[in-house]
Each structure stands twice: as structure tokens, then as C-alpha cells.
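Since the structure comes first, as C-alpha cells, the remarks are kept for the end.
Every chain is numbered from 1 and lettered A, B, ... according to where its sequence line falls, protein lines coming before strand lines. A quick note: this is a predicted structure, and the numbers were derived from the prediction, not measured.
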Protein chains: 2
Amino acid sequence: MATIKQVADAAHVSFKTVSRVINDDPNVSATTRARVIDAINTLGYRPNLIARNMRTRRSHLLGFVADEIATTPFAVNLIKGAQDAAWKRGFMLMIVSCDNDAARAEGAVETLLERKVEGVVYATMRHEVIVPPPHIDEAPSVFANCRAEDGSVASVTPNEERGGFEATETLIHRGRQRIALINLEPGATAAQARLAGYLRALTTHGLPIDERRIRNTDDGQPDDGFRRMDELLDLTPPPDAVFCANDRIAMGAYDAIKARGLRIPQDISVIGFDNQEVIAAYLRPALTTMALPHYEMGYWAVEHLLRALDNGAISPEQVMLPCPLVRRASI
Amino acid sequence: MATIKQVADAAHVSFKTVSRVINDDPNVSATTRARVIDAINTLGYRPNLIARNMRTRRSHLLGFVADEIATTPFAVNLIKGAQDAAWKRGFMLMIVSCDNDAARAEGAVETLLERKVEGVVYATMRHEVIVPPPHIDEAPSVFANCRAEDGSVASVTPNEERGGFEATETLIHRGRQRIALINLEPGATAAQARLAGYLRALTTHGLPIDERRIRNTDDGQPDDGFRRMDELLDLTPPPDAVFCANDRIAMGAYDAIKARGLRIPQDISVIGFDNQEVIAAYLRPALTTMALPHYEMGYWAVEHLLRALDNGAISPEQVMLPCPLVRRASI
DNA sequence: GCAACCATTGACAACGTTGACTATGGCAGG
DNA sequence: CCTGCCATAGTCAACGTTGTCAATGGTTGC
């Protein structure tokens with residue numbers, strides 16, 4: 001691999017002049033520049049960013065640590081948002097999935113630090129309150145889709161309460177009166193907020209709160225959704241709409257509704273949460289749902305990191321991003 | 001950030017001795033080593049891998065270029081396999097998604113080269129024959145889930161023909177006689193091979209080939225699957241099993257079958273392809289399907305790259321990995 | 001008692017680049 | 001004609017490591 005010195009020899013200039021050319025320094029005459037560029041092309045020279053990083057003490061590298069990436073479809077959007085934001089500013093991402101293994105998380109952070117990343121995004125696939133991996137505070141960091149209990153680290157999370165509110169309100173605007181909620185497993189961070197939004201919407205619009213219409217699931221999976229929906233349909237009167245706190249629950253609810261010969265949305269409206277594409281877009285009828293802003297969170301996290309690098313300090317903002325409604329055919 | 005020299009001063013040794021300690025060189029006395037380790041801990045010293053990489057001329061970095069990552073759920077498994085293989089050997093991955101943009105792909109490869117990655121994996125989300133991005137041959141490279149037309153670059157792809165064969169044979173072993181195929185859109189690389197496997201299985205087991213039972217889809221989506229299945233059910237006699245060339249097609253086929261009041265698998269067996277978890281595991285009944293070996297391809301690609309680094313040369317092997325059967329309830 | 005060896009440690013250069021500074025030569029202004 | 005400036009180019013050190021080689025001092029073997 002050619003170095004700057006070999007290019008310099010080939011172009012009969014000092015290696016410093018080559019450096020100027022590849023850094024677009026204006027203090028090079030046009031003829032010299034052309035000669036150098038010629039030499040660069042014939043030698044197939046490529047600047048060595050490792051050497052440059054060492055000299056300039058900037059790596060233009062950001063770490064992205066994910067608790068895990070494989071079991072939910074959310075990682076890619078988080079990553080894509082982060083990558084788009086980084087790419088635009090000439091930064092690259094070093095991505096590590098630590099598969100919920102604390103040792104691997106710690107190792108990942110240490111390696112990233114040794115590689116002199118200029119910042120770290122720590123992302124979880126479920127909205128959570130986390131204990132940050134050790135040493136992550138040695139670089140500017142942002143938590144995406146999770147936050148530190150004490151709010152000491154900048155974070156970006158979805159506005160679950162508002163999402164729950166808007167989902168419910170959307171059903172109300174369609175004229176629904178008896179709106180059921182099949183919520184997540186009670187332990188989930190999002191469960192409480194989505195419930196709060198649901199309750200606030202009913203109250204705001206003067207609808208009664210009927211405890212019988214509120215159900216929890218054990219694990220938020222379709223089977224669970226099927227059973228809860230089945231129970232709800234036994235109520236008299238049955239609900240005329242159901243807010244499922246995730247799309248997998250909605251998937252199960254669909255089956256329960258169809259098994260009774262009821263039609264969606266004519267007899268009962270269904271709204272989901274998460275916008276898990278493969279489910280929501282492919283269900284028949286396609287599912288209206290609240291999207292989780294994974295792309296936007298990844299994007300925001302990196303932008304915040306880059307802002308911090310510009311400013312020399314990171315502000316521990318706690319940002320919440322809206323969950324937009326994705327209108328399809330189920331309401 | 002402390003450097004090796006500051007540690008040396010703190011421990012009253014030369015910086016070379018510190019270097020020996022952090023590299024586990026045995027030629028350091030126990031007392032000196034202890035003193036150095038003390039200094040390292042009190043200063044919070046971390047070796048600077050950029051400097052080390054520059055000196056040793058090894059980056060322990062691999063590039064991973066994906067054509068795109070967001071629209072299919074396959075990227076994460078490819079990435080995870082690659083990362084696991086890399087991590088085990090102390091390598092890190094630099095992942096770039098280029099969103100099917102040739103300019104971005106070229107830019108990604110160039111940046112990776114400038115960062116002195118020791119090898120590059122190029123991965124596509126659909127099994128394809130590709131034109132490699134320019135300059136990728138400047139580093140050892142492996143194609144995952146795709147291959148170069150001329151076979152000049154090492155590649156790892158799924159054995160689609162064998163997958164089609166085994167899917168069909170599995171249905172035959174269940175005693176099915178009238179097995180339909182709803183294939184992918186005809187342009188897909190995998191379509192021809194899965195069809196070939198289907199035909200070979202029928203022939204091998206002495207079953208007749210009935211052209212009416214073989215359908216193509218336009219885009220391989222559920223709606224398409226619904227329509228084709230509906231047509232198939234109009235045949236007399238109707239099929240007693242259907243091999244859907246992907247799980248989304250199977251999802252649509254389920255709806256068509258259920259709409260006629262038929263039961264899966266009692267009246268008709270369904271087998272899918274791709275093992276797209278959110279669909280296959282959550283359909284009712286859960287879908288038996290052939291898994292695409294994305295994790296294994298990612299793993300193999302990186303292992304092959306690392307083997308090449310050990311050997312000093314990369315062999316342009318064209319490996320095909322099996323698509324294992326995932327048994328669930330639909331056959 | 002001396003040579004030879006071993007264990008331990010250090011000095012120095014090098015990796016490929018950029019930053020700070022210096023040198024050259026031509027030209028404008030007095 | 002001289003001074004001073006500007007455009008252009010070059011020299012050298014430094015970034016934080018590791019590789020090569022040399023130095024030191026104590027111990028072993030004869």
C-alpha cells in the first residue's frame with residue numbers, strides 16, 4: 001500500500017505537499033496539485049486514516065452498543081437512524097451487540113474506548129430504565145430507547161403516554177364508545193404509560209372507565225392477545241374497539257375476533273402499537289398502529305453526540321419523541 | 001487520557017516496560033509488573049489502539065457492507081453471526097448499510113479501506129448475483145447471501161434447491177400426494193432453485209408433476225399468496241398440501257384456506273420458507289418452514305476472512321449452506 | 001576468579017500522517 | 001534599488017505505541 005512519501009517521490013515534491021493536496025489546502029499551485037493527483041492515481045494511494053487519527057487525535061468514530069439485536073425487529077431502525085446521522089457528518093459507527101451479557105457489555109465499552117470512539121450510543125430494544133454498563137461515562141454518551149434511573153445521562157425515549165392517548169383518542173374520534181385495552185405484561189416500562197394515556201383520553205372525552213375492559217397480558221404474545229380478546233368479547237355489551245398495546249397482541253386479537261364471525265373494523269375497531277411492519281402491514285385488514293420512533297431515536301442520539309463534540313460538553317437532556325399514528329384499515 | 005509514558009513516570013520505569021506489561025511479555029519481574037499495574041489502575045490508563053494499530057500495522061477491524069438493512073428482518077442475523085465470529089478472535093466489525101445506493105456503497109468501501117480494515121464482508125438481504133462494488137477487491141472479501149457472476153470472490157449462500165427438495169419431501173413423508181407450489185416472483189434468484197428442488201422431490205418419490213399446481217406470485221407478498229391459494233383451492237381435486245416459497249406467501253395462503261373453512265393441517269398442510277420469526281412463529285397454527293441460514297452465513301463469512309488472514313491468501317470458495325427445517329404445527 | 005549466560009530493563013527508531021515553523025523567490029510599492 | 005509581502009514549498013517534530021537492539025547486573029559453571 002502506497003504511502004504519502006511514495007506519492008511525494010513520484011510527484012517530485014515533499015510529502016508535506018502531498019498532505020496539503022489530500023487535505024484541500026489552498027496553498028498549492030495548480031500545476032503541483034495536478035502532478036500530485038496524477039501520482040496518487042497511478043499509485044492507487046489511499047490516505048491512512050489510522051495514522052491521520054493518531055496525529056489529529058480525532059477518530060471520527062462513534063460506538064453503538066445494543067443490548068441485543070436479533071430477537072426484535074427494532075434494532076435495524078435504531079442503527080439506521082444512527083448511521084444516517086453519523087454518515088452525514090463523516091463519522092462511522094462501530095456497532096456491538098452484547099446479547100444481554102453484562103461482561104460482554106463491559107468488554108464492548110472498554111474496547112470502544114481503547115479504539116478512541118468520540119462518543120457512545122447505548123441502545124436497548126425494549127423501552128427500559130437501565131443500569132449503564134461500567135466505564136461508559138468515560139466518553140460522551142447517549143441512551144436510546146432507555147434511560148438511567150437518575151437521569152444523569154442524555155437519553156431519548158418514546159413518548160408512550162402520549163402514544164396511548166392518541167391511540168385511544170383516534171378510536172374515540174371514530175365514534176367508538178366502549179374501548180377496551182389489552183395491555184403489555186405489567187412489568188414492562190411502557191405498560192404504565194400506555195395505560196395512563198388510555199385513561200387520560202377516556203377522561204378527556206368524558207367516557208366512563210370500565211375496569212372490566214382493561215386486561216393485562218402475561219407476555220404480550222399473540223396467544224395471550226387471543227385469550228384476552230376472547231374474554232373481552234364475552235362482556236355485555238362487548239367492546240366496539242380495542243387498543244392493543246402491541247401489534248403481536250393485536251395479531252392474536254384478530255384471530256379471536258374473526259373466530260366469532262365479527263368484522264374488523266365494521267363490528268370492532270382494532271388499533272395496535274409498535275408498527276411492527278411484518279405484522280401490521282400484512283394482517284388482513286392491515287393494522288392501524290402507533291409507530292415507535294426507532295429511526296428517529298437513533299438519529300437523535302447521534303446528532304446529540306455530535307452536537308456535544310462541537311460544544312465540548314454533553315448536556316444530559318431527557319428527550320421524548322412522539323409515536324406517530326400509522327393509519328391503515330383496522331379502525 | 002493517560003498515555004504509556006505517564007504510566008511509566010508514575011511507576012518509575014521506562015515506557016517500554018509498561019508496553020511489556022500491557023502486552024503480557026514474560027520478561028518483566030513480578031515486582032515491577034505489580035508496580036506498573038498499580039500505576040495503570042490509579043491513572044485509569046487504557047492502551048490507545050489507534051497508536052498500536054499504526055505501529056503494528058494491524059487494525060483488527062473488519063468491514064461489513066450491507067446492501068440495506070431495514071426492510072427485511074434478515075440483516076440482524078447476518079450481522080450477529082459475523083459479529084460473533086469476529087468477537088471470538090478479537091476483531092471488531094465496522095458496519096455500513098448503503099441502502100441500495102451505488103455511490104454510497106463505493107464510498108463505504110473506500111472509507112473502510114482507508115480505515116485499514118483487514119477484510120470486508122459484503123452482504124445482501126436477498127439471495128442475488130451481484131456486481132461487486134468497486135475497489136472491494138483491494139481487501140480480502142467474502143460475499144454473504146450473494147455471489148459474483150464469475151465466481152471470482154468467495155461467497156456463502158443458502159442451498160435453495162436442497163431447501164425446496166426437503167420442504168417438498170417433508171410434505172410427502174406426511175403422506176401428501178397433491179402438493180402445490182406458490183413460488184416467488186419469477187425474477188428472484190431463489191425462485192428457480194426452490195422450484196427445481198420441488199420438482200426433484202416429486203420425481204424422486206414418483207409423484208406426478210401437475211403444472212396447474214405450480215403458481216408464481218408477482219411480488220411474494222401476503223395478498224399475492226391469498227389470491228394464488230384461492231385459485232389452487234378451486235382445482236379439482238384441490239391440493240392436500242402447499243409449499244409456499246416464503247412465509248409471507250404462506251401468511252396469505254392461511255387466510256385463503258381459513259376463509260374456505262378448511263383446517264390446517266388436517267385438510268391441507270402448509271410449509272413455508274425463510275423462517276421469518278414474527279410470521280412463522282405467530283401464525284395460528286404456527287408455520288413449519290425452512291430457515292435461511294443467515295446467522296451461519298455471517299459467521300462463515302467472517303471465519304473465512306480470518307482464515308485468509310492467517311494463511312496470507314483468500315481462497316475463492318463458493319459455499320452453500322443448508323436451510324434447516326423448522327418444525328411447527330402446520331404440516 | 002572469570003567467562004558466559006540469563007533475566008531484566010532501557011534507548012532509540014519507526015509506523016504515516018499533520019501542525020508549527022521556516023525558506024525561497026517573485027512582485028509591488030516607496 | 002531596496003523593503004516587505006505573498007504564494008508556494010519544504011523541514012522537523014510530534015501523535016502513542018511496538019520492534020530491535022543494547023546495557024546492566026547477578027548467577028551459574030568450570
Counting only side-chain N and O atoms of [X], is one of them less than 4.0 Å from OP1 or OP2 of [N]?
| X | N | result |
| --- | --- | --- |
| B/Asn53 | C/dC15 | no |
| A/Ser29 | D/dA9 | yes |
| A/Thr32 | D/dA9 | yes |
| B/Arg57 | C/dC15 | no |
| A/Thr17 | D/dT8 | no |
| A/Ser19 | C/dT18 | yes |

Upstream residue (5' side of DNA chain D) when A/Phe15 and A/Arg33 are each assigned their closest nucleotide: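 This one resolves to A/Arg33.
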
Residue of the set B/Thr189, B/Val129, B/Ile130, B/Thr157 for which side-chain contact (heavy atoms from CB on, under 4.5 Å) holds with B/Cys146: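 Between B/Cys146 and the candidates, side-chain contact (heavy atoms from CB on, under 4.5 Å) is satisfied uniquely by B/Ile130.
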
Ion pair [X]/[Y], N-O distance below 4.0 Å:
| X | Y | value |
| --- | --- | --- |
| B/Asp38 | B/Arg33 | no |
| A/Asp99 | B/Lys80 | yes |
| B/Arg46 | A/Glu138 | yes |

First of A/Arg52 and B/Pro26 reached from the 5' end of DNA chain C, by closest nucleotide: B/Pro26

From [options], nucleotide with atom closest to [X] side chain:
| X | options | result |
| --- | --- | --- |
| A/Ser14 | D/dT11, C/dC15, C/dT17 | D/dT11 |
| A/Arg55 | C/dA11, D/dA13, D/dG16 | D/dA13 |
| B/Arg20 | C/dT9, D/dT18, C/dG16 | C/dT9 |
| A/Lys5 | D/dG10, C/dT17, C/dC15 | C/dT17 |
| A/Asn27 | D/dT8, C/dT17, D/dC15 | D/dT8 |
| B/Val13 | C/dG10, D/dG16, D/dT18 | C/dG10 |

Side-chain (B/Gln6) to main-chain (B/Thr3) donor-acceptor, under 3.5 angstrom: yes

Rounded off to whole Å, could you give me the [atom1]-to-[atom2] distance for the [X] and [N] pair?
| X | N | atom1 | atom2 | value |
| --- | --- | --- | --- | --- |
| B/Gln6 | D/dC15 | CD | P | 10 Å |
| B/Leu49 | D/dT18 | CG | C1' | 13 Å |
| A/Ile4 | D/dC12 | CD1 | P | 17 Å |

Base C/dG19 paired with A/Lys16 side chain (donor-acceptor, <3.5 Å):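 Between C/dG19 and A/Lys16, which were checked side chain against base, a qualifying N/O pair under 3.5 Å is present.
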
